[in-house]
Amino acid sequence: QGLTPGVTKQVLQRARSHRLSRRDMGRLLSLLAISLSTGLVVHQQTPWQRLVADASTRIGERKTLDMADGNRLLLNTDTAVSLSTVEDQHRLVLHRGEILIDSASINRRAFYVETPFGEVQSASSFMVRLDSNAARVNAQQGELLLTPRRGPSETIIASEGRLLTDTGIQRWAVPDFQLDSWINGIIAARNMRLADLLAELSRYRQGYIRCDPRIADLRVSGSFQLENTQSTLEFLAQTQSLQLTWLTRFMVIVSPQVA
């Protein structure tokens, strides 16, 4: 069974909304043609963004790309990005997921990261994460210029973060975990709501984690491993007196321990 006309139309509409380059659009159209003629099935585990990306990661995978000028591009779980270098500029299109740009070279090249909500520009280190309705941007060093699709630009400095939306730029509360701790394979939580921690963990595993509302506001701190999320869930259950109910291999409910 190949891609249905409805799915094909949806993919093309989303591709246009992400302003794909001519090269990426051509690559996507070729893949769609192959799928229709040979019966290739694009599974949920392989979203269309990975098919047009120059670099990508699967769910739970992280990757580091070393650039010739000394900069590094780090991809978090379930990420897809297109890359190009023109003269003294690195241009990226973040299709999905999260990246960290580590600008460590002496002769720094400017990075331009395009998202569905606008563009981020800097010659310093920064992070960008795509959510469903905004891009979370955090300056690690130096200054960042944020330009939404509609609305005025704004410059932020190191340790500041913003939400980049279609219509403007908003302040956002820094979450209760170290934003770049994923590069070390952990979630470094600081008095973090259990529901929020489980939501973060779910980004690194196939399936679904449901948090019982009775324990959603339980506060936890510590370094939680991302390599084996099942072991991390079992550790949480043991140390926080929780119960894990596995409905399937991929679906688990986290609830209070039964006395």
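No hydrogens, no waters, no symmetry mates; every other heavy atom, side chains included, goes into these values. In this text, all values refer to a predicted model and were calculated from it rather than measured experimentally.
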Given the rule that I, L, V, M, F, W and Y join up when any side-chain heavy atoms are under 4.5 Å apart, are Ile187 and Leu244 in one cluster? yes
Say you draw a straight line from CG of Leu197 to OG of Ser202; how long is it, rounded to the nearest 0.5 Å? 10.0 Å
Run the side-chain hydrogen bond (donor to acceptor under 3.5 Å, both in side chains) check on Ser103 and Asn71 step by step: do they pass? CA-CA 5 Å; Ser103 180; Asn71 292 310; 3.3 Å; yes
So, for Ala55 and Leu83, which heavy atoms are closest and what is the spacing to 0.1 Å? CB-CD1, 4.5 Å
Summary of ring pair (Phe, Tyr, Trp, His ring centres under 6.0 Å) pairs that have at least one residue in residues 109-141, sequence neighbours excluded: His90-Phe111
Evaluate side chain to side chain contact (heavy atoms under 4.5 Å, CB included) for Leu164 paired with Val128, printing each intermediate quantity in order. CA-CA 10 Å; Leu164 183 62; Val128 184; over 6 Å; no
Could you pull out the closest heavy-atom pair between Arg162 and Arg171, with the gap in Å? NH2-NH1, 3.3 Å
Could you tell me which residues satisfy salt bridge (Lys or Arg N to Asp or Glu O under 4.0 Å) with Asp166, sequence neighbours excluded, listed by chain and number? none
Ion pair Arg91/Glu119, N-O distance below 4.0 Å: yes
Scanning both residues in full, the closest heavy-atom pair of His95 with Ser82 reads NE2-OG, 2.8 Å
Heavy-atom closest pair, residues Ala139 and Leu144: CB-CD1, 3.6 Å
Presence of salt bridge, Asp176 and Arg193, under 4.0 angstrom: no
Looking at every heavy atom in both Ser221 and Asn191, which two are closest together, and how far apart are they? OG-N, 2.7 Å
Show, in sequence, the C-alpha distance, side-chain angles and deciding distance for Leu163 and Asn133, and conclude whether the side chain to side chain contact (heavy atoms under 4.5 Å, CB included) test is met. CA-CA 9 Å; Leu163 286 178; Asn133 57 357; over 6 Å; no
Do Leu236 and Tyr208 belong to the same hydrophobic cluster, where Ile, Leu, Val, Met, Phe, Trp and Tyr are linked whenever their side-chain heavy atoms lie under 4.5 Å apart, directly or via other members? no
Working to the nearest 0.5 angstrom, can you tell me the gap between Leu75 CG and Leu73 CG? 5.0 Å
For the atom pair CD (Gln206) and CD1 (Ile59), what is the distance rounded to the nearest 0.5 Å? 4.0 Å
Does any part of the side chain of Val254, heavy atoms only, come nearer than 4.5 Å to the side chain of Thr245, both counted from C-beta? no
Taking a hydrophobic cluster as the set of Ile, Leu, Val, Met, Phe, Trp and Tyr residues connected by side-chain heavy atoms closer than 4.5 Å, whether directly or through intermediates, do Ile99 and Leu179 fall within one such cluster? no
Rounding to 0.5 Å, atoms CG (Leu130) and CZ (Arg96) come to a distance of 9.0 Å
Minimum heavy-atom distance between Thr77 and Gly60, given as atom pair plus value: OG1-N, 2.7 Å
Is there a path of hydrophobic side-chain contacts, each under 4.5 Å between heavy atoms of I, L, V, M, F, W or Y residues, that connects Tyr204 with Trp246? yes
Going by ring pair (Phe, Tyr, Trp, His ring centres under 6.0 Å), name the pairs with one or both residues in residues 161-183, residues two or more places apart or in two chains. none
Hey, does the side chain of Arg129 reach the backbone of Glu98 with a donor-acceptor pair shorter than 3.5 angstrom? no
Judged by atom type as modelled, is there a donor-acceptor pair below 3.5 Å linking the side chain of Thr57 to the main-chain atoms of Thr79? yes
Walk me through whether Leu242 and Gln257 qualify under side chain to side chain contact (heavy atoms under 4.5 Å, CB included). CA-CA 5 Å; Leu242 305 175; Gln257 196 171 68; 5.8 Å; no
Please tell me whether Met127 and Ile156 are part of a single hydrophobic cluster in this structure, the criterion being side-chain heavy atoms less than 4.5 Å apart. no
Sequence neighbours excluded, the answer for salt bridge (Lys or Arg N to Asp or Glu O under 4.0 Å) partners of Glu227 is Arg62
Just to verify, what does Arg214 make a salt bridge (Lys or Arg N to Asp or Glu O under 4.0 Å) with, not counting sequence neighbours? Asp212
Could you go through Leu94 and Leu92, starting from their C-alpha distance and side-chain angles, then the distance that decides it, and tell me whether this counts as side chain to side chain contact (heavy atoms under 4.5 Å, CB included)? CA-CA 6 Å; Leu94 181 58; Leu92 291 76; over 6 Å; no
Roughly how far, to the nearest 0.5 Å, is the CG atom of Leu233 from the CG atom of Leu198? 6.5 Å
Any side-chain heavy-atom pair from Gln140 and Ser124 closer than 4.5 angstrom? no
Evaluate the salt bridge (charged side-chain N to carboxylate O under 4.0 Å, His left out) criterion for residues Arg203 and Asp78: first the C-alpha distance (whole Å), next the side-chain angles of each, then the deciding distance (0.1 Å), finally the verdict. CA-CA 8 Å; Arg203 299 175 60 212; Asp78 194 20; over 6 Å; no
Backbone of Ser153 reached by a side-chain donor or acceptor of Thr147 within 3.5 Å: no
Give a yes or no on whether Gln243 atom CD has more than 12 heavy-atom contacts from other residues, nucleotides or ligands under 6.0 Å away. yes
Less than 4.5 Å apart, any side-chain heavy atom of Glu143 and any of Leu145? no
Taking the side chain from Gln89 and the backbone from Val86, do they hold a donor-acceptor pair closer than 3.5 Å? no
Kindly write out the residues that satisfy side chain to side chain donor-acceptor pair (under 3.5 Å) with Arg249, not counting sequence neighbours, or none if the list is empty. none
With Leu74 as reference, evaluate Leu100, Leu65, Ile101 under the side chain to side chain contact (heavy atoms under 4.5 Å, CB included) test and give the passing residue. Leu100
